[in-house]
There are 2 protein chains.
Amino acid sequence: MLVGERRQKILEVVNSGRAVTVEELSRILDVSPSTVRRDLRFLQSKGLLYRTHGGAMPPVLSSYEPSLVEKESSMVEEKEAIGKYAASLIDEGDTVVIDAGTTTIHIVRNLMVNKAKIVTNFLKAALEVPHKPDIEVLLPGGNLRFSTQALVGPVAENFFEHIRVDKAFIGTNGITLEGFSTPNVLEAATKRAMVRCAEKVFVVSDSTKFGKESFIRFADIDEVDCIITDWHLPDEEVERYREAGLEVIRVKEGGTI
Amino acid sequence: MLVGERRQKILEVVNSGRAVTVEELSRILDVSPSTVRRDLRFLQSKGLLYRTHGGAMPPVLSSYEPSLVEKESSMVEEKEAIGKYAASLIDEGDTVVIDAGTTTIHIVRNLMVNKAKIVTNFLKAALEVPHKPDIEVLLPGGNLRFSTQALVGPVAENFFEHIRVDKAFIGTNGITLEGFSTPNVLEAATKRAMVRCAEKVFVVSDSTKFGKESFIRFADIDEVDCIITDWHLPDEEVERYREAGLEVIRVKEGGTI
DNA sequence: CCAAAAACGATCGTATATAATCAAAAGTAA
DNA sequence: TTACTTTTGATTATATACGATCGTTTTTGG
């Protein structure tokens, strides 16, 4: 069997959604474990699977932190509606920070203004900002996290500590009455810096994140001005956050309110 | 049998969906393995099949081979060879700067090391660095230029002024005995900062840039240690730059010297 | 926490595939 | 015919793939 053929078979097995062991692949493909390991290393370097001790699994299942591909596939309509509405809040000439995430990407895709300064630590977003003469895209420096395409670390934090912007749109993995949280320490630190550099802070998040608490808290409830979420969030939940002093906006399908 | 006819038959076999070996094709078509390899090489260069050690397979099956779709710009083979050779100059554990450009992208695609720190102002390159645990990708901040996907401006320059790296690989649009030049003012300033932060400076450029002078000069001839170019550059030209104190490396096709 | 077991990466010798080279053959044009 | 180019197959040095081994790291199960 040819090298490429074999690697293709490995991808078929792994991307069918299940995890597989080195020993198993070695048996199926009739090659030594060494060879299987070499192949897995190669495929991992291309980002096509995730290597774990003893075997491999699809990249989307790689950790408790869902990858971009997976997350983008769930709640897409809701996220798009949220992004569209959030984009409508950006005024001509504004300077705004846009966080990394599967919801925030829809903000830049729906940008309406002709003049603005967009600051983002999200490479995917930076590349999707509409090309207009008076729209400027600024990136902080930092370490690139492959899984989320976000720039993080001390360089990024330092950048945000030295700028002031009109509005920040932040994504999150968990929302409770205590605050907002995310699974990754580095990204949390960056989000914290972004929150602090903005005049007005918006959290954009679909309704499934409410009531969940992730690993690290990056903002207290009173550090955020407004939550933009979708139509599924129940009234009583909205009420609780309003009583805590936040503005809560539930967008309807299509991004209206 | 005519050449075109034979190649057509190869495509029929391969695009029927299965992988095929050189030996098998040699027998079917009744030509030598050398000829089969020549045909396969030709067909691969057209993106019509994917070559793997020992044979070939349809391009759709080789989802891990991205370079098939992008044969857009000129001097692709030369640039790839230059990039491959430049990549081989990066040692384990090095910290290197990689500039934006159509040649430099091939450096990251051919990275061989397992441990390195890659600093680049080129978003496309940052996203194509192989995912390995000890390879770190660092971006300077800055303004994003849409046309080149490069980060430029004062933020980027300031970043490079405050770091030191082992090697820098810089692209250029013009090379004369006076120095190196590029059309855009902002990018020139960034290149200048990159040149100054590196222990050893390599310029990577295909041979068509020699003798041309672009708008802004970003480095004098003595600020660069080595030029890596392709096999088309004539001997007398090489000699001129060597007399000026530069190392000039002409890579052969495939990235060897 | 520790120790046994499993999996790992690195390395090496062997086998195979490949590109580069060259000379012969076949085709082309004068 | 001759001079020239293209195509081909044989040759050879180089590159790549592979499995086995071994010392190290990670996981597991007390």
Side-chain angles (χ1 to χ4, degrees), chain A residues 1-10 14 19-46 49-57 62-63, chain B residues 1-10 14 19-46 49-57 62 64-65 76-78 80-85 87-88 91-93 109-116 130-135 230-232 250-257:
Chain A
M1 184 180 323
L2 299 172
V3 182
E5 218 178 337
R6 193 182 57 230
R7 289 177 177 166
Q8 188 54 46
K9 280 191 195 293
I10 292 177
V14 169
V20 65
T21 66
V22 170
E23 190 274 329
E24 200 177 344
L25 286 171
S26 163
R27 196 158 27 78
I28 297 173
L29 303 166
D30 195 33
V31 289
S32 73
S34 286
T35 303
V36 172
R37 291 193 186 99
R38 263 185 285 255
D39 286 345
L40 293 181
R41 211 176 309 155
F42 172 85
L43 292 169
Q44 184 187 33
S45 78
K46 302 287 178 194
L49 54 75
Y50 174 72
R51 190 79 169 75
T52 178
H53 203 81
M57 53 206 303
S62 62
S63 75
Chain B
M1 187 186 309
L2 299 173
V3 181
E5 207 179 344
R6 193 180 58 232
R7 289 177 177 166
Q8 192 55 47
K9 279 189 192 293
I10 293 179
V14 168
V20 65
T21 66
V22 170
E23 189 274 329
E24 202 177 342
L25 286 171
S26 162
R27 196 157 26 78
I28 296 173
L29 303 166
D30 194 35
V31 289
S32 72
S34 288
T35 304
V36 172
R37 292 196 183 96
R38 265 185 285 255
D39 285 345
L40 292 181
R41 209 180 309 155
F42 172 82
L43 292 169
Q44 183 187 33
S45 77
K46 302 288 176 199
L49 53 76
Y50 172 71
R51 191 80 166 77
T52 178
H53 205 80
M57 54 203 288
S62 55
Y64 49 79
E65 186 59 44
V76 182
E77 279 172 23
E78 288 81 355
E80 176 157 13
I82 294 168
K84 193 167 181 179
Y85 180 75
S88 76
D91 297 319
E92 287 294 331
R109 285 184 184 155
N110 288 285
L111 261 191
M112 303 297 294
V113 293
N114 293 307
K115 181 178 164 68
H131 301 188
K132 293 187 186 180
D134 287 333
I135 292 200
D230 61 70
W231 57 92
H232 300 301
R250 275 183 298 187
V251 299
K252 290 194 280 195
E253 268 180 289
T256 57
I257 50 173

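Reckoned from all heavy atoms, side chains included, excluding hydrogens, waters and symmetry mates. Chain letters run A, B, ... following the sequence lines, proteins first and then strands; every chain starts at 1.
- The end-to-end axis angle of the helix from C:dC1-D:dG30 to C:dA30-D:dT1, rounded to 10 degrees and based on five pairs per end, is 40°.
- Judged by closest nucleotide on DNA chain D, B:Asp39 is the one of B:Asp39 and A:Leu2 placed further toward the 5' end.
- Note that CG of B:Leu25 is 9.0 Å distant from CG of B:Asp39, once rounded to the nearest 0.5 Å.
- For A:Arg27, the salt bridge (Lys or Arg N to Asp or Glu O under 4.0 Å) criterion is met by A:Glu23, not counting sequence neighbours.
- For B:Met112, the CE atom sits in a loose shell: 12 or fewer heavy atoms of surrounding residues, nucleotides or ligands are nearer than 6.0 Å.
- Not a single side-chain hydrogen bond (donor to acceptor under 3.5 Å, both in side chains) links A:Ser34 to another residue, sequence neighbours left out.
- Between B:Trp231 atom CH2 and C:dA19 atom C1' the separation is 14 Å, expressed in whole Å.
- Rounded to whole Å, the distance from CG on B:Leu29 to C1' on D:dT8 is 14 Å.
- Taking every heavy atom of both residues into account, B:Ala56 and B:Leu40 meet most closely at CB-CD2, 4.0 Å.
- Legend: residues meeting salt bridge (Lys or Arg N to Asp or Glu O under 4.0 Å) with B:Arg51, ordered by chain and number and at least two apart, are absent.
- When all heavy atoms of B:Thr52 and A:Val3 are compared, the pair lying nearest together is OG1-CB, 3.6 Å.
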| task | Give the B/S/- string for nucleotides 2-18 of chain C, one per nucleotide from 5' to 3', where a protein heavy atom under 4.0 Å of the base yields B, of only the sugar-phosphate yields S, and otherwise -. | result | -----SSS-------SB
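- When the P atom of D:dC18 is taken as reference, atom CG of A:Asp30 falls 12 Å away, rounded to whole Å.
- Qualifying ring-ring contact (aromatic ring centres under 6.0 Å, His included) partners for B:His131, counting only residues two or more places apart in sequence or in other chains: A:Phe146.
- Comparing B:Arg7 and A:Ser32, the nucleotide of DNA chain D nearest to each residue sits closer to the 5' end for B:Arg7.
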